[in-house]
Amino acid sequence: MALPTQSADFPAWYQEVVKQAELAEPSLARGTMVIRPYGFAIWEKVQRAIDDRIKATGHQNLYFPLFIPYRLLEKEAEHVEGFAPEVAVVTHAGGEELEEPLVVRPTSETVIWATYARWIQSYRDLPLLYNQWANVVRWELRPRLFLRTTEFLWQEGHTAHETEDEAVAEARLILDRVYREAMVDVLGLPVLVGRKSAAERFAGAVETFTLEGLMRDRKALQAGTSHYLGQNFARAYGVTFLGRDGKEHHAYATSWGASTRLVGGVIMTHGDDRGLRLPPRLAPIQVVVVPIYRSDDERGRVLGAAAAIRERLDGAGIRVHVDDREEQRPGFKFNEWELKGVPVRLELGPRDLDADQATVARRDGGGKEAWPLAGLPERLVTLLEEVQRSLFGDAERFRDDHTFRPGSYTEMAELLDDPGGFMLAPWCGGPECEARVKADTRATIRFLPLDPEPVEGSCIVCGSPATETAAWAQAY
RNA sequence: CGGGACGUAGCGCAGUUUGGUAGCGCGCAGCGUUCGGGACGCUGAGGUCGCGGGUUCAAAUCCCGCCGUCCCGACCA
């Protein structure tokens, strides 16, 4: 029952939190997971945060199939090359070998652009601003619940545009107005945004934008990506349109995705040695009420009061749950709800009722306080916002405390080893230097800042003139 | 796919060295006492010892093969 501490064994801590908080568990086929109701409720909140913003920025949802003819995949050379090793292929069905094998989608660019070819005739058909919520399969060698599973859930947006500028602006819009906003405002993740280096780019993309967070073990996590795909897919799948100039053009593409990995990001960003800590805006249960009583008389009185409070909190828009299970004692429930990360706990016993108060305990630290029942919902609404801010603040401070500007390659290697975190350092842009850092320290370039600071000095690796600042870190 | 560790009740483990009727803790079920920080007592259910083969009068234990899980590397949202 007891959780390993984060400092003693972070991977074990993570696994135990996921299991004990009943978020998910490994399933029967290697690399797959069952997402349990509480974990799925969190995912649904993530979905809602992202989906609302996708819609608010003018996109519509649709759905493409799970199976893609193998031949389709082959058309974009770089794309196939990137995904071939992790693609699952169906060769038999209906009791016979298939004439043409089907791949289980690892992502849907191919089938979608093959279809867009029929939907796009004229500049008047553009832009196409579509998104789908789907499962995808990538044959992973080393699965970890939520972070890397063979099958995972995500959304993938696929847009088609008339011009390069418009498509790049779309990729940036998603980054800022959809992902960053959802992650910062709802999930409480202090993500940094940037471009990927060529080595880290999505297979088939011209430019990949990314959002990166720093986990409690000082490793970076890619929380979402948005790609400018240029005309690569339009060329591969023959997507042309008649332009305003009366000539034929290839459409410009973007794609962007965020997955169930985000649930892992929330666990590893906010969690502590007692378990999960959920930001109130994400929490399926924001306030849990634990009734306390001895006799039957007290039981009736306390449960009655709890029901009344539930009504009032519900009316104030708070997601509240009364834990009236008979078989568990209060102390057990306190620990369980802390493990599950519920932001605020309300203890309600005879002593409280005698004083017209409730005992309020917040999950993000701080002790317990007695609050008058009068005005309770209003005060709790304020408290929840405060917890939301404080969790974000904690995570942001942790990230800043583990962001360094090493002065030499030796110093960078030492800092990466201990304590770890983001290393901001000048880079010459050479893939050899990037590869050397990876070989020496296992760290990769997580992102290149979007608005490059003026670069002074020389590449931290090779010493030749630097062209930009890179953020290095060990990553998931 | 390479290196290492491990598969015994739902979970965590002992038993394997030295072959001889499968155990402990937690959890689970029933009853009672409890209930403001992970309660206690009594009773009880639950196991093809990962799978297959071999050695033996006899295998959780010894031998061979396979499968799976975890950790470390290469790949990745």
Side-chain angles (χ1 to χ4, degrees), chain A residues 1-4 9-12 14-16 19-20 25-31 46 81-87 106-107 134-156 179 196 199-203 208 210-213 220-227 255-265 274-275 290-296 298-299 302 323-339 345-355 357-359 361 367-368 370 435 438-439 442 444 446 474-476:
Chain A
M1 199 70 198
L3 223 45
D9 189 345
F10 197 86
Y14 177 81
Q15 241 179 286
E16 282 298 308
K19 179 176 155 192
Q20 292 185 20
E25 62 185 36
S27 187
L28 274 46
R30 182 190 157 74
V46 173
E81 200 188 316
F83 279 103
E86 39 184 345
V87 159
T107 179
N135 57 341
V136 287
V137 167
R138 298 180 187 178
W139 215 252
E140 296 294 348
L141 302 176
R142 234 183 107 188
R144 304 191 62 178
L145 295 175
F146 288 114
L147 301 173
R148 199 189 304 104
T149 46
T150 293
E151 178 192 8
F152 60 89
L153 307 181
W154 76 342
Q155 57 68 217
E156 46 177 325
Y179 292 152
K196 283 291 189 190
E200 299 283 324
R201 209 137 59 200
F202 176 76
T208 288
T210 180
L211 301 98
E212 303 273 333
L221 182 78
Q222 180 173 306
T225 48
S226 176
H227 316 287
S255 71
W256 25 278
S259 72
T260 33
R261 166 179 272 195
L262 280 169
V263 176
R274 316 188 68 143
V290 178
I292 298 158
Y293 48 80
R294 293 161 194 259
S295 64
D296 274 355
E298 281 180 359
R299 179 172 173 276
V302 169
D323 185 358
D324 58 1
R325 287 175 298 173
E326 300 280 358
E327 31 330 326
Q328 254 76 45
R329 296 155 90 246
F332 180 91
K333 295 178 182 178
F334 296 168
N335 284 287
E336 182 168 280
W337 291 114
E338 280 167 7
L339 174 67
R345 178 179 73 243
L346 232 52
E347 302 171 16
L348 200 65
R351 289 209 301 266
D352 294 303
L353 292 184
D354 289 342
Q357 65 180 34
T359 301
K368 303 185 196 184
K438 187 169 182 180
R442 283 161 52 203
T444 49
R446 300 323 300 158
Q474 292 177 1
Y476 275 93

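To find a chain, count down the sequence lines: A is the first, B the second, and so on, and within it residues start at 1.
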For nucleotides 31-33 of chain B, tabulate all protein N/O to nucleotide N/O atom pairs closer than 3.5 Å, reporting atom names and distance.
none

Checklist entry - If every non-hydrogen atom of A:L153 is compared with every non-hydrogen atom of A:N135, which pair is closest and at what distance? => result CD2-CB, 3.7 Å
Checklist entry - Is the count of non-hydrogen atoms from other residues, nucleotides or ligands lying under 6.0 Å from A:E81 atom CD greater than 12? => result no
Checklist entry - A:F334 CZ to B:G37 C1': how many Å, rounded? => result 6 Å
Item to check | Phosphate-side-chain proximity, A:R329 and B:A39, N/O vs OP1/OP2 below 4.0 Å | outcome: yes
Next on the checklist: Please give the distance between the P atoms of B:U8 and B:C51 as a whole number of Å.
Outcome noted: 10 Å
Next on the checklist: How many whole angstroms separate atom CG of A:D296 from atom C1' of B:C35?
Outcome noted: 12 Å
Next on the checklist: Output the rounded distance in Å from CD (A:E336) to C1' (B:G27).
Outcome noted: 13 Å
Checklist entry - Which is it for A:L353 and A:L348 under the side chain to side chain contact (heavy atoms under 4.5 Å, CB included) test, yes or no, and what are the steps along the way? => result CA-CA 7 Å; A:L353 292 184; A:L348 200 65; 4.0 Å; yes
Checklist entry - Starting at CD of A:E327 and ending at C1' of B:C40, how long is that distance when rounded to a whole Å? => result 17 Å
Item to check | Nucleic acid footprint by protein, nucleotides 68-77 of chain B - heavy-atom cut-off 4.0 Å, B for base, S for sugar-phosphate alone | outcome: -SSSSBBBBB
Checklist entry - With rounding to whole Å, what would you report as the distance between B:C1 and B:G38 at their P atoms? => result 50 Å
Next on the checklist: Less than 4.5 Å apart, side chain to side chain, heavy atoms only: is that true for A:W139 and A:F83?
Outcome noted: no
Item to check | Lys/Arg cation over aromatic A:F334: A:R345, 6.0 Å, 45° cone | outcome: yes
Item to check | Whole-Å P distance, B:A14 and B:U55 | outcome: 31 Å
Next on the checklist: Suppose you measure atom C1' in B:G53 against the same atom in B:G12; what distance do you get, rounded to whole Å?
Outcome noted: 31 Å
Checklist entry - When we call it a touch if two heavy atoms are under 4.0 Å apart, what does A:G257 touch: a base, just sugar-phosphate, or nothing? => result nothing
Checklist entry - Taking the same atom, P, in B:C42 and in B:U17, what whole-Å distance lies between them? => result 35 Å
Next on the checklist: Taking donor-acceptor contacts at under 3.5 Å, does the side chain of A:K333 reach the base of B:G36?
Outcome noted: no
Checklist entry - Do you know which two heavy atoms are closest between A:A258 and A:A223, and how far apart they sit? => result CB-O, 4.1 Å
Next on the checklist: Taking B:C6 as the reference, what is the distance to B:C63 when you measure between their P atoms (whole Å, please)?
Outcome noted: 14 Å
Checklist entry - Within the structure shown, what part of the strands sits under 4.0 Å from A:T107 by heavy-atom distance: base, sugar-phosphate, or nothing? => result nothing
Checklist entry - How close or far is atom C1' of B:G36 from atom CG of A:D354, stated in whole angstroms? => result 13 Å
Item to check | Pairwise C1' distance for B:G65 and B:C70, with rounding to whole Å | outcome: 22 Å
Checklist entry - How far, in whole Å, is B:G20 from B:G37 if one measures between their C1' atoms? => result 50 Å
Checklist entry - Does the side chain of A:R299 get closer than 4.0 angstrom to OP1 or OP2 of B:C35 through an N or O atom? => result no
Checklist entry - Which heavy-atom pair separates A:L147 from A:R261 by the least distance, and what is that distance? => result O-NE, 3.1 Å
Checklist entry - When the distance from CH2 of A:W337 to P of B:G36 is rounded to whole Å, what number comes out? => result 18 Å
Item to check | Nearest non-hydrogen partners of A:F146 and A:G264, listed with the distance | outcome: CB-N, 3.9 Å
Next on the checklist: Between A:P11 and A:R144, is there a side-chain heavy-atom distance shorter than 4.5 Å?
Outcome noted: yes
Next on the checklist: If you count every heavy atom of other residues, nucleotides or ligands that lies below 6.0 Å from A:R325 atom CZ, does the total exceed 12?
Outcome noted: yes
Checklist entry - In whole angstroms, how far is the P atom of B:G36 from the CD atom of A:E338? => result 15 Å
Checklist entry - So with a 6.0 Å cut-off around CG of A:D354, is the heavy-atom count from everything else above 12? => result yes
Next on the checklist: Between the base of B:G37 and the side chain of A:R345, is there a donor and acceptor pair under 3.5 angstrom?
Outcome noted: yes
Checklist outcome for this item: Atom OH of A:Y293 and atom C1' of B:A39 are separated, to the nearest Å, by 15 Å
Checklist entry - With the sugar-phosphate defined as primed atoms, P, OP1 and OP2, and the base as all remaining atoms, what B/S/- string results for nucleotides 9-14 of chain B, 5' to 3', for protein heavy atoms under 4.0 Å? => result --S---
Checklist outcome for this item: Shortest non-hydrogen pair, A:W256 vs A:Y179, comes out as C-OH, 3.2 Å
